[in-house]
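Remarks on the structure that follows.
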Amino acid sequence: MSIKIQTLSGYMHEYQKSVLQPEAFWSRVAESFHWKKHWDEVVQWNFEEPKVEWFVNGKLNITENILDRHLYTHANRTAIIWEPNDPNEKTRKLTYKELYEQVNRFSNALRQKGLKKGDRVVIYMPMVPEAAIAMLACARIGAVHSIVFAGFSSTALADRINDCEAKVVLTSDENYRGSKTIPIKAVVDESLEKSPSVESVIVLKRTGGKVDMKEGRDYWWHDVVEGQSTECPAEEMDSEDMLFILYTSGSTGKPKGVVHTTGGYMVYTQFTFENVFQYSAGDVYWCTADVGWITGHSYIVYGPLLSGATTLMFEGVPTYPDAGRFWDIVDKHKVNQFYTAPTAIRALEAYGLKPFEGKDLSSLKVLGSVGEPINEEAWHWYHDHVGKGRCPIVDTWWQTETGGIMLSPIAGITPTKPSYATLPLPGIQPIIVDEKGKELKGNSVEGNLCIKFPWPSMLRTTYGDHERCRQTYFSTYKGMYFTGDGVKRDEDGYYRILGRVDDVINVSGHRMGTAEVENAINEHPLVVESAVVGYPHDIKGQGIYAYVIADMTNRTAANLENEIRETVNKIIGPIAKPDKVQIVSGLPKTRSGKIMRRILRKVAEGQTDNFGDTSTLLDPSVVEEIIKNRK
Ligand code: WT7
């Protein structure tokens with residue numbers, strides 16, 4: 001296989017090489033894959049347009065690297081272990097050979113539905129092996145998948161389907177989540193009333209619940225794969241052909257379709273998976289994310305399967321049927337690497353130590369954290385009670401846009417420090433700048449995190465709007481990719497992420513644009529104006545606090561607050577529901593009409609004085625009222 005780092009000096013050595021001779025470094029990594037045609041040049045780039053190309057003119061199919069290649073060496077190794085929502089339902093296991101066959105059958109079915117290279121497919125599915133099969137089948141025939149997390153509402157789903165003009169939607173009858181059953185086919189039906197591009201819907205039978213099937217549009221998964229061949233020739237893809245689109249929130253109201261391409265994404269996710277988690281053949285690896293997020297794409301499906309790993313997929317939630325479920329699964333499948341989000345750790349911390357009783361966690365070797373800053377207390381709890389003090393924690397910092405892990409310890413090799421993502425992975429060149437874009441050199445500095453050199457899995461564009469990509473990521477600081485995060489580099493040169501510096505908040509490891517939530521709130525007919533900010537929340541990391549100006553004529557504050565929450569639930573989904581809604585008579589604005597969010601943030605945090613310079617504030621009495629009625 002490619003490069004496997006085994007010692008700290010090995011890491012430092014590879015890191016040096018990756019910076020001094022990036023082309024030689026990445027060539028060496030990429031050589032271990034199967035290419036239908038070798039690349040001409042390793043990288044071509046400029047951050048002005050921006051234009052970034054990796055493994056230029058290389059031809060490949062990522063699924064040949066996941067499936068065909070592994071058939072020679074380990075056809076009978078388990079590729080996917082699936083653990084259902086209900087512990088009494090049977091676990092499923094798919095070997096690499098079975099996965100190969102199922103992907104090919106479904107690829108043939110998709111081709112038969114008229115899908116061609118470049119067509120878009122929206123996947124709105126539960127966490128079942130068929131979700132991974134669907135992704136890989138798209139990749140096999142060159143169709144571009146765009147997964148929408150199955151917790152999003154029909155409106156949010158329709159927006160995403162329409163933005164990428166998807167031809168096909170893949171879904172299931174219903175979705176189990178803990179004690180709930182969610183009729184997701186009905187959500188798809190609702191969104192399709194507003195989505196004219198969709199020609200067919202393929203529905204997996206998961207629960208057996210009743211669904212409406214529209215003649216000539218809707219087909220059952222089991223019917224379309226019936227009789228299909230288990231061989232499907234893989235489409236030849238250019239290294240820079242689109243692999244997938246994944247929508248994510250930004251500081252404007254409209255989610256962006258982050259575009260990832262084939263060659264670079266393949267090389268980087270495999271390389272980082274194997275190194276960060278120190279995966280060895282035969283290990284059982286489990287990432288608790290949903291495939292609807294980038295973590296699920298890169299570190300449940302692509303990275304692990306490219307590495308020939310055994311990857312566990314879990315359909316349920318951490319607290320069902322009880323708060324010991326994660327530990328039951330670790331014990332049952334003898335999980336070696338476990339990767340989750342701080343919000344899950346904090347939620348479980350609240351149940352104390354009883355859920356660990358009788359669970360054997362001795363198989364664990366590595367623990368991972370992702371999605372938001374991990375506070376020291378949660379870090380220690382994770383380290384002591386899950387890892388029993390023996391397992392290194394890899395605090396992995398990255399983003400939907402980066403495609404793969406950027407800053408992280410290498411498990412067991414990089415000395416860790418609670419709440420630090422520690423050091424950049426090979427090939428990653430972070431730079432800290434001040435507000436004006438001046439580089440802050442040396443150690444013990446704090447500023448905005450940028451990356452100054454391309455890496456193989458970086459986003460290439462935002463779907464249908466390249467200018468927006470340039471504006472959002474490459475225009476704030478000239479010649480650099482701007483992450484939107486604040487960061488500190490300490491006296492040892494270790495990186496600690498401080499959180500977003502833009503109007504994005506991080507709720508339970510999910511990214512929410514404040515403008516997006518405001519737009520949803522403003523859809524309520526009685527709402528005049530709103531302003532949303534984040535505030536510290538014990539379990540979610542950040543909670544959503546909404547200040548709303550509304551016409552109160554026929555409502556009480558309490559019922560209006562609930563209606564507003566419901567409106568957001570309907571327009572975006574439960575993850576965006578404000579934790580607190582405060583009805584106000586005015587918002588603190590400057591004379592030029594700009595909302596002073598700084599003040600709103602402070603009040604939401606519980607700070608009621610020391611607002612800094614308020615001389616531009618138009619009406620100070622608004623602030624007094626807001627403080628008085630604070631939630
Ligand atoms: C934002 C990206 C990438 C996986 C899931 C989230 C925050 C992510 C960490 C970490 C501190 C983190 C950042 C980043 N974030 N990982 N280890 N420590 N903050 O992906 O939805 O694209 O969000 O999540 O603020 O910008 P995403």
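Every number for a ligand or one of its atoms is a count from 1 in the order of the listing. The structure presented is a predicted model; accordingly, all values stated were derived computationally and were not measured.
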**Request:** If a pair satisfies salt bridge (charged side-chain N to carboxylate O under 4.0 Å, His left out) and one of its residues is in residues 384-409, list it, with sequence neighbours excluded.
**Result:** Glu401-Arg511
**Message:** Can you list everything that forms a ring-ring contact (aromatic ring centres under 6.0 Å, His included) with Phe338? Sequence neighbours excluded, please.
**Reply:** Trp286, Phe326, Trp327
**Item:** Asp503/Arg597 under side chain to side chain contact (heavy atoms under 4.5 Å, CB included): CA gap, chis, key distance, verdict
**Value:** CA-CA 10 Å; Asp503 288 324; Arg597 286 175 185 275; 3.9 Å; yes
**Tyr299 and Thr272 side chains, donor-acceptor separation under 3.5 Å** = yes
**Asked** Can a donor-acceptor pair be found between the side chains of Thr261 and Glu240 at a distance below 3.5 Å?
**Response** yes
**Prompt:** Can you list the residues that meet the ring-ring contact (aromatic ring centres under 6.0 Å, His included) rule with Phe55, with sequence neighbours excluded?
**Reply:** Trp35, Trp39
Within the protein, flag every N or O under 3.5 Å from an N or O of ligand 1, and note the pair and distance.
unit_1: ligand 1; atom_1: 15 (N); unit_2: Gly371; atom_2: O; d: 3.3
unit_1: ligand 1; atom_1: 16 (N); unit_2: Gly371; atom_2: N; d: 3.2
unit_1: ligand 1; atom_1: 17 (N); unit_2: Asp395; atom_2: OD1; d: 2.8
unit_1: ligand 1; atom_1: 17 (N); unit_2: Thr396; atom_2: O; d: 2.8
unit_1: ligand 1; atom_1: 18 (N); unit_2: Glu372; atom_2: O; d: 3.3
unit_1: ligand 1; atom_1: 19 (N); unit_2: Pro373; atom_2: N; d: 3.4
unit_1: ligand 1; atom_1: 22 (O); unit_2: Thr400; atom_2: N; d: 2.8
unit_1: ligand 1; atom_1: 22 (O); unit_2: Thr400; atom_2: OG1; d: 2.5
unit_1: ligand 1; atom_1: 22 (O); unit_2: Arg511; atom_2: NH1; d: 2.7
unit_1: ligand 1; atom_1: 24 (O); unit_2: Gly371; atom_2: O; d: 3.3
unit_1: ligand 1; atom_1: 24 (O); unit_2: Asn506; atom_2: ND2; d: 3.4
unit_1: ligand 1; atom_1: 25 (O); unit_2: Asp485; atom_2: OD1; d: 2.7
unit_1: ligand 1; atom_1: 25 (O); unit_2: Asp485; atom_2: OD2; d: 3.3
unit_1: ligand 1; atom_1: 26 (O); unit_2: Gln399; atom_2: NE2; d: 2.9
unit_1: ligand 1; atom_1: 26 (O); unit_2: Asp485; atom_2: OD1; d: 3.4
unit_1: ligand 1; atom_1: 26 (O); unit_2: Asp485; atom_2: OD2; d: 2.5
unit_1: ligand 1; atom_1: 26 (O); unit_2: Arg500; atom_2: NH1; d: 2.8

